[in-house]
Amino acid sequence: MMYKIVRKKELNPTVTLMDIEAPLIAKKAEPGQFIIFRAKEDSERVPLTIADYDREKGTVTIIFQIVGGATMELNSLNEGDCLHDFAGPLGRPSETEGLKKVAVVGGGVGCAIAYPIAKKLHSLGCEVHSIVGFRNKDLVILEDEFKAVSDKLCMMTDDGSYGTKGLVTNALEELIKDGNQYDEVIAIGPVIMMKFVCLLTKKYDVKTIVSMNPIMIDGTGMCGGCRLTVGGETKFACVDGPDFDGHLVDFDEAMHRGTMYRDFEAHAREESCNLLNKEVK
Amino acid sequence: MAVQRNMDPKKCPMPVQDPMVRRNNFDEVALGYTYEMAVNEAKRCLNCKNKPCRTACPVQIDIPAFIERVANEDMEGAYQIIAQSSSLPAVCGRVCPQEKQCESKCVRGIKGESVGIGRLERFVADWHRENCKDAPEMPVQNGHKVAIIGAGPSGLTAAGDLAKMGYKVTVYEALHLAGGVLVYGIPEFRLPKIIVQKEIDNLKAIGVDIETNMVIGKVLTIDELFEMGNEAVYIGSGAGLPRFMNIPGESLKGVYSANEYLTRINLMKAYKPGSKTPIKHSKKVAVVGGGNVAMDAARSAKRMGAEEEYIVYRRGMEELPARKEEVEHAEEEGIIFKTLTNPVEVLGNEAGEVCGMKCVEMELGEPDASGRRRPIVKEGSEFVLDVDTMIMSIGTSPNPLIRSTTPGLEANAKGCIVTDGDNGLTTREGVYAGGDAVTGAATVILAMGAGKAAAKAIDEYIKNKA
């Protein structure tokens, strides 16, 4: 099986989009599910949530931030190259049935995952209010895509260089205070953002779903690395999630666990940079 | 040809790497018999008529027959006899708990030590691999297709048997590499991966297709496998979610499941210098559990550079479920056995990392339902074990992916797929299952036995249907 890169696009200096030829996965993929890739034969296995899919063309879209060795390796591949491995669709699809009015909150590269959910909800006739947040103007991704599927779009930046200055929680709170009654808030982004969205929605008693992206290896329910505490119980993001009721997730623990290999990652990033530099020379 | 029996009451010892050397490397521990050792050991077999060893083998290898060939120095003949019953002899010779199976019934074991059946099996398989370069013969195709889910010991055995009967077999593997527990779980020092690869190459040579990265239940359902022309499906999807103890602190950084720890080291090659797979380089490690997987984890930790490794087990040394040889090897390598000990809490520092494990001492009471004496907590025995890593090796529950996407496939309360008797038939027509997916965590050879029985049942089913 070849997993060919049929399109590669730089969305901003640290975020890349790729369409991957994977017809069987494209046929089954649903918003909220993820794939596991390995760029090369000796690469790590890395989970990435599916950003989009085209059942006719047989492609799956992934959007990734270049954060460590594995994503650097992936980014070193070009159109026409093949990924060594690409398995999925894994995890449970996001539940969209019966929702009439939803606020979709995306933070940073999390918007890549929030977008297909907004798109699906929109196609089902749901009223979609999208709130997307970025550190600054240069990092904004998928603005047009969100516009096309949202009844309302709030663009937030930390430094005010684009849209409104502030956090996604500021915009969400305003919308709720304005009298918008949401069936559900769907929040996807950095764990700290999801935590604060949940603290806010808890206050207003609005059901909130978050998409967790913990460290995992196999992604099929074997290694147990992706475990989280949800409502006091141990859950596995790969088979029980990745979507969970945000009011039940122990975010502090998830944040701790996410830093398990921070030193290793930093080191790998340097190594990869050096390797890339060598290749360039 | 009559052979001069060797009446030595002891079996020829297995040459091994020196414990002080091997605890620092991932090379194979047991080096294997030499030609002379094998022939000599084979001559200890009395070639009894009623073959009690054979009945105790889950795949019923004709043990006395192959051993007689070894005694007569017909190594390829010996291999052919084993190959009739086992698809993975080089693997079984290394990882089977022979002392609980074939060797437990050996007549020589009554007054001395049993014949070293496992060691001889390994010798024969290795001899064949090194000396016989002929590609296996391609079986005549019978025009029927069978799909197998999972390229572990159970699925590969079923695949091998069905391919030899002429079926077109496709094995679907969820991971990027075939082999299942043989590649992700059992470490290099106990089962070199080149041997697994060679056994898989042999299956490919007889026409078995192996498709990796295929998570059945997600990318294709069992119903779709039937729509694709398969007439039967075998589920050998193996063990699934690791169990935890539900004690405080299990989410701290530095608590691993044995599956995760071993997968990082074996499948993802974290043991190799320069590997891209992150792993904690621990100083003091507690492995909770007493099975083969626990031994593998503790011995791997030693080789990864840890200074102290504990096996923490709630029963006694006698009750350890691991193979005897693994326990002995672990002791030789300096693994510390804290038996009759049970963890009650994992302690963490302010960075959320493991900094200790609170334990209690146990004593054994009356036998429980499993026939083993039930461990009871000793009052006031609490103490803290100074560790920075904890590896949970207390079993797994079957993978939920297939049963949750296959209508009509029943599972029991524990999540194990329900099968009818010994042939592995599930509650769905044409769907068979075996190995850990049915039994919960067990051994490689039991999984292989189930694959073998199911292959036979599938053959009968398809023939009767036609």
Side-chain angles (χ1 to χ4, degrees), chain A residues 1 3 22 24-25 27-29 33 35-36 38 40-45 68-70 73 84-92 215-229 233-234 236 238-240 250 252-257 259-265 267-268 271-272, chain B residues 173-177 180-181 184-185 211-221 224 237-244 246 250-264 267-270 272 274-281 348 351-353 392 396-401 404:
Chain A
M1 191 82 78
Y3 311 101
L24 290 173
I25 302 174
K27 211 170 130 188
K28 290 287 173 71
Q33 290 188 296
I35 55 90
I36 289 219
R38 289 203 314 158
K40 297 177 183 174
E41 198 184 349
D42 61 349
S43 303
E44 259 196 279
R45 292 172 65 91
E73 275 181 339
H84 199 275
D85 299 288
F86 200 72
L90 300 165
R92 292 164 180 267
I215 293 169
M216 57 175 78
I217 310 178
D218 64 299
T220 64
M222 187 270 280
C223 81
C226 66
R227 63 189 187 276
L228 304 157
T229 305
E233 281 180 55
T234 297
F236 299 95
C238 66
V239 290
D240 299 322
D250 185 337
D252 294 336
E253 177 191 289
M255 268 184 272
H256 261 308
R257 287 183 61 78
T259 62
M260 172 97 194
Y261 297 113
R262 199 160 43 189
D263 295 347
F264 188 98
E265 272 297 323
H267 182 70
E271 289 269 300
S272 292
Chain B
E173 167 56 45
L175 290 173
H176 57 263
L177 193 65
V181 73
Y184 76 71
E211 290 201 22
T212 53
N213 293 323
M214 292 293 282
V215 186
I216 302 301
K218 288 290 181 186
V219 71
L220 290 173
T221 60
E224 284 168 313
S237 53
L241 296 166
R243 291 216 180 95
F244 289 88
N246 295 318
E250 283 181 312
S251 294
L252 290 165
K253 287 188 277 183
V255 180
Y256 283 102
S257 74
N259 273 3
E260 179 182 0
Y261 190 69
L262 290 170
T263 300
R264 286 182 181 277
L267 179 74
M268 304 311 293
K269 308 279 180 237
K272 287 192 174 167
S275 164
K276 292 169 186 165
T277 303
I279 189 150
K280 184 174 166 118
H281 288 277
E353 294 157 343
M392 298 301 282
T396 57
S397 47
N399 197 297
L401 290 187
S404 62

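Numbers restart at 1 for each chain; the letters A, B, ... are given by sequence-line order, proteins then strands. Fair warning: this is a prediction, and the values are worked out from it, not measured in the lab.
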| Are the side chains of A:Leu24 and B:Met214 in touch, meaning some heavy atoms are under 4.5 Å apart? | yes
| message | If I measure from the heavy atoms of chain B, does A:Glu233 come under 4.5 Å with its side chain, its backbone, both, or neither? | response | neither
| task | Name the member of B:Pro242, B:Ser237, B:Gly217, B:Gly352 that forms the most heavy-atom pairs with chain A at distances under 4.5 Å. | result | B:Pro242
| query | Taking every heavy-atom pair that is under 4.5 Å apart, which of B:Ser275, B:Ala351, B:Ala174 has the most such pairs with chain A? | reply | B:Ala351
| request: Determine the option with the most heavy-atom pairs under 4.5 angstrom with chain A, choosing from B:Asn246, B:Ile279, B:Leu252. | output: B:Ile279
| Which region of A:Ile215, side chain (C-beta onward) or backbone (N, CA, C, O), has a non-hydrogen atom less than 4.5 Å from a non-hydrogen atom of chain B, or is it both or neither? | side chain
| query | Does A:Met222 offer a backbone N or O that forms a donor-acceptor pair with the side chain of B:Asn259 under 3.5 Å? | reply | yes
| To the nearest 0.5 Å, how far apart are NZ in B:Lys276 and CZ in A:Arg38? | 9.5 Å
| request: Using a cut-off of under 4.5 Å on heavy-atom pairs, state which of B:Leu262, B:Val255, B:Leu267 scores highest against chain A. | output: B:Val255
| note | Most contact-rich option vs chain A, by heavy-atom pairs under 4.5 angstrom, among B:Val219, B:Leu177, B:Leu220, is B:Val219
| task | Taking the side chain as every heavy atom from C-beta outward, state whether B:Leu175 and A:Arg45 have any pair of such atoms under 4.5 Å apart. | result | yes
| task | Could you tell me which of B:Glu353, B:Met392, B:Glu224 has the largest number of non-hydrogen atom pairs under 4.5 Å with chain A? | result | B:Glu224
| message | Out of the candidates A:Val239, A:Thr234, A:Asp240, only one should pair with B:Leu241 under the side-chain contact (heavy atoms from CB on, under 4.5 Å) rule; please name it. | response | A:Val239
| Backbone N/O of B:Glu250 and side chain of A:Arg227: donor-acceptor pair under 3.5 Å | yes
